[in-house]
Amino acid sequence: MARSSYLFTSESVSEGHPDKVCDRISDAILDLFLSKDPVARVACETLTTTNRIVLAGEVRCAGEINDDEIESVVRRAVRDIGYEQDGFHWNTAELHNFLHEQSADIAQGVDEGAGSFVDEGAGDQGIMFGFACDETPELMPAPITYSHQILKEMARLRKTGERPEFEPDAKSQVTLKYENGRPVGVTSVVVSTQHKDGVSLDDVRELVRPVVQSVLPDGWFPPEDEFYVNPTGKFVIGGPDGDAGLTGR
């Protein structure tokens, strides 16, 4: 018998998280190739570390794309995220592009088959799961929805200049209490955010507080001892400068 009362926790990472930066770059490169050839094949892996971006993978495209176009797309993606730090900057980061043509051996496994049935492989296999529910207007479970919204609002405040103390790298984690299978309140919230040097932990906590309050339903703000902001301490060095990022990790 399924339990009807429980705690459920979900975590979200910001657009400036090292792995998300890599995902964003790979997505931007995919969009570039598809803009030249709607049936292009792109398997682009990205690695980021201190002021370096490394691209590797296989592509097949009927259109012409040069290295300068790829570099422009990569730098534009990083600039849009907001990285202009000494340790990772959209304009000064070294870019190493090792993308190459898709091998004929892999191509034969992903090309359209002949005969009465059309079989097309993906090159790699993966298993994903997900579900829709009526807990939020987005039809997503409430814990992940609130975690996403906290980071989206922090990014908005950072980019508009209303909260310049925030830097791009951040995580949020929301735990909800469920009774009879429905969310009834928040038991704890964790937000870790990269911030400008010189901003105290107390100040960061009070900058994050109204963001969380604006996202959660009225009366759902957790107890003070369950509201954690940068619980490990100072968080000035972050993003790819603080931890290498990879696609697919």
Side-chain angles (χ1 to χ4, degrees), residues 11-84 88-113 118-130 132 138-140 144 147-148 151-152 155-156 159 168-171 238-241 243-249:
E11 181 184 81
S12 178
V13 297
S14 72
E15 61 180 346
H17 183 275
D19 296 337
K20 279 287 189 181
V21 172
C22 294
D23 291 341
R24 174 71 172 274
I25 291 171
S26 290
D27 285 346
I29 290 172
L30 172 60
D31 289 344
L32 172 64
F33 276 86
L34 291 177
S35 72
K36 305 284 186 174
D37 177 5
V39 294
R41 304 280 174 75
V42 180
C44 176
E45 304 292 353
T46 302
L47 176 147
T48 56
T49 186
T50 302
N51 233 24
R52 276 185 179 80
I53 302 167
V54 181
L55 309 178
E58 305 79 37
V59 299
R60 193 167 81 186
C61 181
E64 291 292 328
I65 297 177
N66 60 45
D67 288 345
D68 288 343
E69 288 181 276
I70 292 174
E71 179 172 356
S72 176
V73 162
V74 171
R75 295 194 185 280
R76 190 161 59 244
V78 176
R79 181 179 61 188
D80 187 63
I81 292 170
Y83 274 112
E84 295 185 340
F88 195 70
H89 196 294
W90 66 269
N91 192 40
T92 60
E94 293 183 26
L95 176 62
H96 305 274
N97 180 4
F98 299 111
L99 292 173
H100 59 81
E101 287 292 318
Q102 183 185 57
S103 77
D105 290 347
I106 291 179
Q108 69 182 355
V110 298
D111 284 340
E112 185 177 292
V118 176
D119 296 319
E120 195 166 354
D124 289 299
Q125 294 78 42
I127 298 174
M128 286 71 68
F129 75 94
E138 295 83 359
L139 302 181
M140 292 286 286
I144 191 63
S147 295
H148 285 337
L151 296 181
K152 287 180 179 178
R156 186 191 70 80
K159 290 182 174 182
D169 194 0
K171 289 184 179 181
D241 187 28
D243 184 18
L246 295 168
T247 46
R249 189 169 77 175

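Because only heavy atoms are used, hydrogens play no part in the values below, and waters and symmetry mates are left out as well, while side chains stay in.
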Item to check | Sidechain-backbone polar pair: Arg75 side chain, Trp90 backbone, donor-acceptor under 3.5 Å | outcome: yes
Next on the checklist: Before you tell me yes or no, could you show the steps for Val42 and Leu99 under side-chain contact (heavy atoms from CB on, under 4.5 Å), namely the whole-Å CA-CA distance, both residues' side-chain angles and the distance that decides it to 0.1 Å?
Outcome noted: CA-CA 9 Å; Val42 180; Leu99 292 173; over 6 Å; no
Checklist entry - Are Lys159 and Glu15 close enough for a salt bridge, meaning some N to O gap below 4.0 Å? => result yes
Next on the checklist: In the structure I gave you, are the side-chain heavy atoms of Val74 and Ile53 within less than 4.5 Å of one another anywhere?
Outcome noted: yes
Item to check | No-hydrogen, no-angle side-chain donor-acceptor test under 3.5 Å, Thr50 and Asp241 | outcome: yes
Next on the checklist: For Phe33, run the side chain to side chain contact (heavy atoms under 4.5 Å, CB included) check against Asp31, Ile29, Asp37, Leu30 and tell me which one passes.
Outcome noted: Ile29
Item to check | Spacing of CD belonging to Glu94 relative to OG1 belonging to Thr49, to within rounding of 0.5 Å | outcome: 11.0 Å
Checklist entry - Going by atom types only, do Ser72 and Arg76 share a side-chain donor-acceptor pair under 3.5 Å? => result yes
Checklist entry - Hey, is the main chain of Pro168 close enough, under 3.5 Å, to the side chain of Ser14 for a donor-acceptor pair? => result yes
Checklist entry - Sub-3.5 Å donor-acceptor pair from the side chain of Thr247 to the main-chain atoms of Thr46, do we have one? => result yes
Checklist entry - Distance-only, no hydrogens or angles: does the Ser26 side chain make a donor-acceptor pair with backbone N or O of Asp23 under 3.5 Å? => result no
Item to check | Audit row: Ile70, Asn66, side-chain contact (heavy atoms from CB on, under 4.5 Å) steps and yes/no | outcome: CA-CA 7 Å; Ile70 292 174; Asn66 60 45; over 6 Å; no
Item to check | Straight-line distance of Asp243 CG to Asp169 CG, nearest 0.5 Å | outcome: 8.5 Å
Item to check | Candidate pair Arg24 and Asp80, rule side-chain contact (heavy atoms from CB on, under 4.5 Å), full reasoning | outcome: CA-CA 10 Å; Arg24 174 71 172 274; Asp80 187 63; 2.4 Å; yes
Item to check | Interatomic spacing from NE2 in His148 to CD in Glu11 - rounded to 0.5 Å | outcome: 11.0 Å
Item to check | Point-to-point distance, once rounded to the nearest 0.5 Å, from CG of Leu47 to CG of Leu55 | outcome: 9.5 Å
Checklist entry - Does the side chain of Val21 come within less than 4.5 Å of Tyr83's, by heavy atoms? => result yes
Checklist entry - Considering all heavy atoms of both residues, which atom of Asp19 and which atom of Ala244 are nearest to each other, and what is their separation? => result OD1-O, 4.1 Å
Item to check | Steps toward side-chain contact (heavy atoms from CB on, under 4.5 Å) verdict (His17, Lys171) | outcome: CA-CA 8 Å; His17 183 275; Lys171 289 184 179 181; 3.7 Å; yes
Item to check | Heavy-atom check, side chain of Lys36 versus side chain of Glu64, under 4.5 Å | outcome: no
